[in-house]
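Just so you know, these numbers use all the heavy atoms, side chains as well, and skip hydrogens, waters and symmetry mates. For the single chain, residues carry numbers from 1 onward in sequence order.
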Amino acid sequence: RRARMELDANYGQEDAEYLLEYENEIPVEYRDFHLVFTASIWRRHDVDRRVAYLYCFNERWNLHLYCFESGFGGSDRLLSRP
């Protein structure tokens, strides 16, 4: 809710997939972070909720689902409009 209402960071899996298509345009300095997309929430076996995120490994960006209940850490970043 905070990402959507306070931070204008309401991006979802489709946005992550779009960025993945144009990964060469993601700034190099973002490679140290997980880019989290909270607008799409997926349930896994009715147990936990997951959100899409992008992470860089060996200079390539990858799309993965992250367990929402685990909380976010220091390397996680929400994208917002400038």
Side-chain angles (χ1 to χ4, degrees):
R1 186 175 306 149
R2 183 170 174 241
R4 183 175 57 246
M5 303 302 264
E6 294 177 34
L7 303 174
D8 194 22
N10 194 31
Y11 296 102
Q13 183 172 339
E14 287 181 3
D15 300 300
E17 291 170 355
Y18 176 85
L19 275 180
L20 195 56
E21 276 186 56
Y22 299 97
E23 68 178 316
N24 60 329
E25 296 183 27
I26 301 173
V28 173
E29 58 267 20
Y30 287 15
R31 290 182 182 170
D32 292 333
F33 303 109
H34 297 145
L35 308 180
V36 181
F37 300 82
T38 58
S40 301
I41 299 176
W42 298 94
R43 285 211 180 266
R44 183 175 158 201
H45 306 292
D46 294 329
V47 176
D48 58 19
R49 296 177 296 169
R50 295 182 176 255
V51 294
Y53 75 95
L54 294 176
Y55 68 97
C56 190
F57 181 74
N58 288 335
E59 299 184 15
R60 294 294 316 243
W61 285 92
N62 301 277
L63 178 64
H64 196 66
L65 295 177
Y66 177 79
C67 182
F68 196 76
E69 280 80 11
S70 296
F72 299 105
S75 64
D76 299 325
R77 297 291 187 265
L78 294 172
L79 301 179
S80 64
R81 293 186 177 132

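At most 12 non-hydrogen atoms from other residues, nucleotides or ligands lie less than 6.0 angstrom from CD of E14. No more than 12 heavy-atom neighbours from other residues, nucleotides or ligands sit within 6.0 angstrom of CD on E59.
The structure places CG of L35 at 12.0 Å from CG of D15, a figure rounded to the nearest 0.5 Å. Here the CZ-CZ distance, from R43 to R50, works out to 12.0 Å after rounding to the nearest 0.5 Å. Atom NE2 of residue H34 and atom CG of residue N62 lie 10.0 Å apart, to the nearest 0.5 angstrom.
By the side-chain contact (heavy atoms from CB on, under 4.5 Å) test, L20 pairs with L54, W61, L63, sequence neighbours left out.
The minimum heavy-atom distance linking R31 with C56 is given by the pair CG-SG, 3.6 Å.
Under the 4.5 Å side-chain heavy-atom criterion for grouping Ile, Leu, Val, Met, Phe, Trp and Tyr, F57 is connected to V36 within one hydrophobic cluster.
Between Y55 and Y53, the distance from one ring center to the other falls under 6.0 angstrom.
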